[in-house]
Structure formats: structure tokens, C-alpha cells
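Side chains are part of it too, since the values below use all heavy atoms of this structure and drop only hydrogens, waters and symmetry mates. Numbering starts at 1 and runs along the sequence shown.
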Amino acid sequence: MQLSYESQWKELADIKDELAARDWFPGTSGNLSIKVTDSPLQFLVTASGRDKRKRTSEDFLLVDEFSQPLEDHQLKPSAETILHQRIYEKTDAGCSLHVHTVANNVVSELYADEGEMTFRQQELIKAFNLWEEDAAITIPIVPNYADLPRLAEAVANEIKPGVFGVLIRNHGITVWGKNGFEAKKHLEAFEFLFEHHLRLKQLTK
Ligand SMILES: CSCCC(=O)C(=O)COP(=O)(O)O
Ligand SMILES: [Zn+2]
């Protein structure tokens with residue numbers, strides 16, 4: 001039976017276009033996924049190594065709960081599909097986004113030894129549904145293991161209530177949300193906080 005995933009495809013393609021407009025896919029980096037079914041887990045993920053600024057009919061492919069392609073074609077799923085798989089296993093996320101930006105790479109290097117970065121007194125913390133005046137949001141930072149199952153495990157180990165994304169040192173950020181809208185909101189909020197932090201640091205040194 002051919003599973004219908006037209007609406008999820010379009011939702012993810014639209015998010016990809018928006019992130020591309022921000023220039024968040026340099027050098028073919030980045031990968032995106034959206035859940036199609038829960039049980040068994042099936043999700044659409046970007047094809048590996050492609051220019052994610054372009055919109056084509058071969059941008060995504062459907063994979064199973066082991067990150068294996070469900071359809072017979074030439075496309076290869078993202079090399080980092082296993083990270084998306086682990087996020088779907090450990091959360092109720094419906095969408096997971098991974099991008100490499102200068103800001104997320106710089107902060108990941110600056111705070112790697114602390115293993116995390118915390119933001120407070122920032123209006124945009126409300127994007128994580130945190131409304132108290134003294135609210136804080138912490139993002140863990142994990143080493144950039146070359147072994148992808150090991151990297152995926154390191155990311156998965158940081159997933160707990162109140163965590164909405166993980167920084168991978170000198171690599172990028174992985175965020176998730178219950179749907180595409182929420183995942184994109186989390187990504188935009190984190191990138192704002194990183195850029196704000198770096199700008200302020202430069203101005204006050
Ligand atoms: C060219 S960036 C190196 C791989 C990577 O980190 C990435 O995000 C893109 O890999 P994919 O296989 O998803 O294209
Ligand atoms: Zn990457």
C-alpha cells in the first residue's frame with residue numbers, strides 16, 4: 001500500500017524554502033525531517049548531499065524506524081537520519097530540523113567546555129512556551145563524533161523535559177517540535193539568541 005504523505009511533504013518543503021531564504025544550508029549542509037506515522041515510525045527526510053536551496057521532486061524520501069528507505073529509488077537518506085530517528089524515539093516530536101550556521105558553530109565552540117549554554121532575561125524565551133519573568137532556556141552541547149550512531153546517542157542522552165534542541169560542537173544545531181511550525185519556531189528562537197549573544201559580546205568586550 002502506498003502511504004500518502006503529500007501534506008507532510010509540502011509542509012517540509014515550505015520549511016526548507018524558508019530556511020534556505022535565510023541561507024541556513026551552506027555547502028549542502030543541513031537536513032530536515034517530518035513524521036508521517038507513529039507506529040511503526042515512518043518519516044520523510046531530506047536526501048543526502050543535495051543543494052537544499054533548490055525545490056525538486058527528489059528532495060525527500062520516506063524511511064522506516066531503522067532509517068532505511070521504504071521506496072525503491074536512487075536517493076540516499078541524509079547521512080544524519082539516525083539523529084532524526086532517535087529524536088522521534090525519545091520525544092513526541094513531529095518534525096526535526098538540523099542546520100549549520102556561523103552563529104551556532106561559534107557559540108558551540110565558545111561554550112563546549114561548559115557542555116551547555118543558558119539564556120535568561122530574553123523576550124524570545126517565550127518561543128519555548130516559557131512565560132515566567134525569570135525563565136531560562138538551556139541548550140546542551142555535545143562533541144561532534146564522526147561515528148553517527150554515537151553522535152545520535154550523545155544527542156539522545158541530552159533529551160529531557162525542557163530541552164528543545166542540542167548543539168553539536170563546530171557542526172550545527174538539531175531542534176525539534178510537535179510539528180513543523182513549532183520546530184521552526186524553536187530553531188529561529190535559538191538562532192536569534194545565539195546571534196544576540198555574539199553581537200552583545202563583541203560590543204561589550
Ligand atoms: C556538507 S555538510 C556535512 C554533512 C552534514 O553535516 C550535513 O548536515 C548534511 O548531510 P546530508 O547527508 O544530510 O546531506
Ligand atoms: Zn550536519
*How far apart are the closest heavy atoms of Ala183 and Gly177, and which atoms are they?*
CB-N, 3.6 Å

*Which residue pairs pass the ring pair (Phe, Tyr, Trp, His ring centres under 6.0 Å) test with at least one member in residues 23-56, sequence neighbours excluded?*
Phe43-Tyr88

*Ion pair present between Arg120 and Asp134, side-chain N to carboxylate O less than 4.0 angstrom?*
no

*For the residue pair Thr204 and Leu200, what are the closest heavy atoms and their distance?*
OG1-O, 2.6 Å

*Taking atom types as modelled and ignoring hydrogens, do the side chains of Arg50 and Thr56 form a donor-acceptor contact shorter than 3.5 angstrom?*
yes

*asked:* Looking at Ser78, is its backbone amide N or carbonyl O close enough to the side chain of Thr46 to form a donor-acceptor pair, meaning the two atoms are under 3.5 Å apart?
replied: no

*asked:* How close do Leu32 and His98 get, counting heavy atoms only, and between which atoms?
replied: CD2-N, 4.2 Å

*Sub-3.5 Å donor-acceptor pair from the side chain of Glu71 to the main-chain atoms of Leu61, do we have one?*
no

*Identify the heavy atoms of Pro77 and Ser67 that sit nearest to each other, and give their distance.*
CG-O, 4.0 Å

*Any pair with a residue in residues 156-165 that passes side-chain hydrogen bond (donor to acceptor under 3.5 Å, both in side chains), sequence neighbours left out, goes on the list, sorted by first then second residue, please.*
none

*With sequence neighbours left out, what residues match Lys178 under side-chain contact (heavy atoms from CB on, under 4.5 Å)?*
Glu182

*Would you mind listing every salt bridge (charged side-chain N to carboxylate O under 4.0 Å, His left out) that reaches into residues 102-116, with sequence neighbours excluded?*
Glu109-Arg169

_Using only atom types and a distance under 3.5 Å, with no angle test, would you say the side chain of Thr91 pairs donor to acceptor with the backbone of Ala93?_
yes

_Side chain Lys184, main chain Leu19, donor-acceptor under 3.5 Å_ = no

*Compare every heavy atom of Ala47 with every heavy atom of Leu75, then report the nearest pair and how far apart it is.*
CD2-CB, 4.2 Å

*asked:* For the backbone of Ala20 and the side chain of Lys52, can you confirm whether one donor and one acceptor N or O come within less than 3.5 Å of each other?
replied: no

*ring pair (Phe, Tyr, Trp, His ring centres under 6.0 Å) with Phe164: which residues, sequence neighbours excluded?*
Phe128, His186

*Excluding sequence neighbours, so at least two apart, what forms side-chain contact (heavy atoms from CB on, under 4.5 Å) with Val106?*
Val102, Leu110, Leu198

_If the condition is salt bridge (Lys or Arg N to Asp or Glu O under 4.0 Å), which residues does Glu11 pass it with, not counting sequence neighbours?_
none

*Fellow cluster residues of Phe181, listed by chain then number, with links counted only when side-chain atoms sit under 4.5 Å apart*: none

*asked:* Assess, by modelled atom type and distance only, whether the side chains of Glu80 and Asn31 contain a donor and an acceptor separated by less than 3.5 Å.
replied: yes

*Kindly write out the residues that satisfy side-chain contact (heavy atoms from CB on, under 4.5 Å) with Pro149, not counting sequence neighbours, or none if the list is empty.*
Ile82, Asp147

_Pairs touching residues 44-66 that satisfy ring pair (Phe, Tyr, Trp, His ring centres under 6.0 Å), sequence neighbours left out_ = Trp9-Phe60

*When you check the gap from the basic side-chain N to the acidic O, do Glu188 and Lys185 get nearer than 4.0 Å?*
no

*Output all residues satisfying ring pair (Phe, Tyr, Trp, His ring centres under 6.0 Å) with His197, sequence neighbours left out; order by chain, then residue number.*
Tyr111

*Using side-chain contact (heavy atoms from CB on, under 4.5 Å) as the criterion, list what pairs up with Asn105, not counting sequence neighbours.*
His100, Asn170

*So, are Asp59 and Arg55 salt-bridged, with charged N and O less than 4.0 Å apart?*
no

_Any donor-acceptor pair under 3.5 Å from Lys90 side chain to Ala156 backbone_ = yes

